[in-house]
Amino acid sequence: MPQPKWYTSGRSSSLTSLLKTPVKTFRSLSPISYEKRARRRVCWRVTIIVSAVLVFFGIIAAITYVSLVGTLIRQLNPPKVNSGLQHIVNDWKEPDSKGAYQFTWRNDFSRDIIPKSCHSHNDYWRSVPLYEALSYGCVGIEADIWLTNDQKDLLVSHSWKSTKPTRTLKSLYLDPLVNIFENRNVSTASASDKEVGVFDADPNVSVVLLIDFKSDGHKTWPLLQSQLEPLRRAGYLTYFNGSEVVPGALTVVGTGNTPFELVIANNTDRFVFFDADLNDVSNAKYNSSNSYYASTAMKEAIGHIWFNRLKGSQVDTLKEQIRAAQNKGIKSRYWNTPSWPVSLRDKVWFTLTDNGVGMLNVDDLYSATRWNWNWCVVAGLPLC
Ligand SMILES: *[C@@H]1O[C@H](CO)[C@@H](O)[C@H](O)[C@H]1NC(C)=O
Ligand SMILES: *[C@@H]1O[C@H](CO)[C@@H](O)[C@H](O)[C@H]1NC(C)=O
Ligand SMILES: *[C@@H]1O[C@H](CO)[C@@H](O)[C@H](O)[C@H]1NC(C)=O
Ligand SMILES: *[C@@H]1O[C@H](CO)[C@@H](O)[C@H](O)[C@H]1NC(C)=O
Ligand SMILES: *[C@@H]1O[C@H](CO)[C@@H](O)[C@H](O)[C@H]1NC(C)=O
């Protein structure tokens, strides 16, 4: 039987037969227009089927991806620690003319918080200074101080321009710390007593307050000494008594314009320690009787990190410096470590902690203290 002309035409798609499009030859249509219509219909069907399949698999893939990432984040993201400190962080208010933020003391102040050798870099810049760092278990905090023109107070700020009369060393740091120590009965605790510091989990841990002198060191020093005097008298401060460093609940370290000669001037009751230069830590003048930290910008120690990789020689320099400080009983600290990309940041964190860095200087407290760094980047996705 002779096939209709359109059926045998070379342009006829194999899909036509595949999808068994009903061929209705009785229609009073010319064979050409019928073929066109049929093919268009087939095309539509194919498009719809393919799209449906793609959408279906797309949705499955999206659901899988979202639930995987969600599970991962839930798994890695530890539950919020419900401590007294967390409540303070949630409710905190800026100090006003009456002074520091006041709160009702709770006995679960530091419950479930594990203290860590982490330094809250530029702590006063956080939305909640001091308490937020402590709530993450970071034992190191930092305040930049400026002497007022009348030399009567010490203001805390990164630049003189952004200082505020209510944001003082006392209102942001010293008074809140005294309040914590009083409520935790630090001064009444004897050496053998268990309650001697901020953290329940390890009461022996001292909080380290790094004070960065921004104004003239010699003019700032006497006022800092007098503001620390009540804490010294209460027995809260770590001090050097002429032969030994006697640990206290708070260790004060001076950096920036802090004059080394004033730190060492008092050799029987020294309660402000120095932040030595880590690149010069072997210098004989630095030892644990006068220096608590030895710090440097990472770039000054090892130069630029090219192609997001630490070279072997750079790692060796870090190891050497960390060991040199350790041998003197001084804690090494690197600031301005890379924060991006996250994989490089974590690599640097791992390198430093694996080699026993004294204190890890961090900006992102949450990622540094709550995450498992091995899981910070998963499938190219930065999770922390
Ligand atoms: C501090 O001492 C008071 C009075 O002895 C006591 O009631 C309180 O529980 C103590 N606080 C801590 C944190 O031990
Ligand atoms: C705290 O220090 C004291 C005295 O050095 C020591 O006896 C005690 O074991 C320490 N406690 C902890 C939890 O390390
Ligand atoms: C310094 O402190 C240590 C430890 O507390 C003590 O044994 C020593 O006698 C003290 N030295 C002086 C001069 O007070
Ligand atoms: C050392 O500090 C103590 C306590 O603040 C003070 O009484 C003493 O005069 C100081 N000594 C020197 C040499 O500065
Ligand atoms: C520590 O260094 C000072 C000089 O800065 C020196 O006078 C003192 O003897 C040193 N102490 C020890 C234990 O080496």
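Read the numbers this way: they start at 1 and go in the same order the structure lists the ligands and their atoms. Values below: all heavy atoms of this structure, side chains included; hydrogens, waters and symmetry mates excluded. Along the sequence shown, residues are numbered consecutively beginning with 1.
Protein heavy atom in closest approach to atom 6 (C) of ligand 3: N241 ND2, 4.1 Å. Of the protein's non-hydrogen atoms, the one nearest atom 4 (C) of ligand 3 is E244 OE1, 3.7 Å. Given atom 5 (O) of ligand 3, the protein heavy atom at minimum distance is V246 CG2, 4.1 Å.
A cation-pi contact, defined as under 6.0 Å to the ring centre and within 45° of the axis, is absent between R40 and W44.
Near S243, meaning under 4.0 Å from any of its heavy atoms, are these atoms of ligand 3: 1 (C), 10 (C), 11 (N). Within ligand 5, counting atoms from 1 as listed, the ones closer than 4.0 Å to a heavy atom of K285 are 2 (O), 4 (C), 5 (O). Counting atoms of ligand 5 from 1 in the listed order, those under 4.0 Å from a heavy atom of N287 are 1 (C), 2 (O), 3 (C), 8 (C), 10 (C), 11 (N), 12 (C), 14 (O).
Using cut-offs of 30° and 60° for the angle between ring planes, the F109 and W105 rings count as parallel. H158 and Y124 have parallel rings, their planes meeting at less than 30° on a 0 to 90° scale where 60° marks the start of perpendicular.
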Legend entry - Intermediate values then yes/no, side-chain contact (heavy atoms from CB on, under 4.5 Å), L209 and V253: CA-CA 6 Å; L209 175 59; V253 184; over 6 Å; no

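Protein heavy atoms are absent from the space less than 4.0 angstrom from atom 9 (O) of ligand 5. There is a protein heavy atom less than 4.0 angstrom from atom 2 (O) of ligand 3.
For G242, the heavy-atom gap to ligand 3 stays at 4.0 angstrom or more.
Within the model, atoms OG1 of T255 and CZ of F273 stand 15.0 Å from one another, a figure rounded to the nearest 0.5 Å. Summarising the geometry, atom CG belonging to N257 is positioned 13.5 Å from atom CD1 belonging to I211; distances are rounded to the nearest 0.5 Å.
Y239 OH: 12 or fewer foreign heavy atoms inside a 6.0 Å radius.
Between N290 and ligand 5, at least one pair of N/O atoms sits closer than 3.5 Å.
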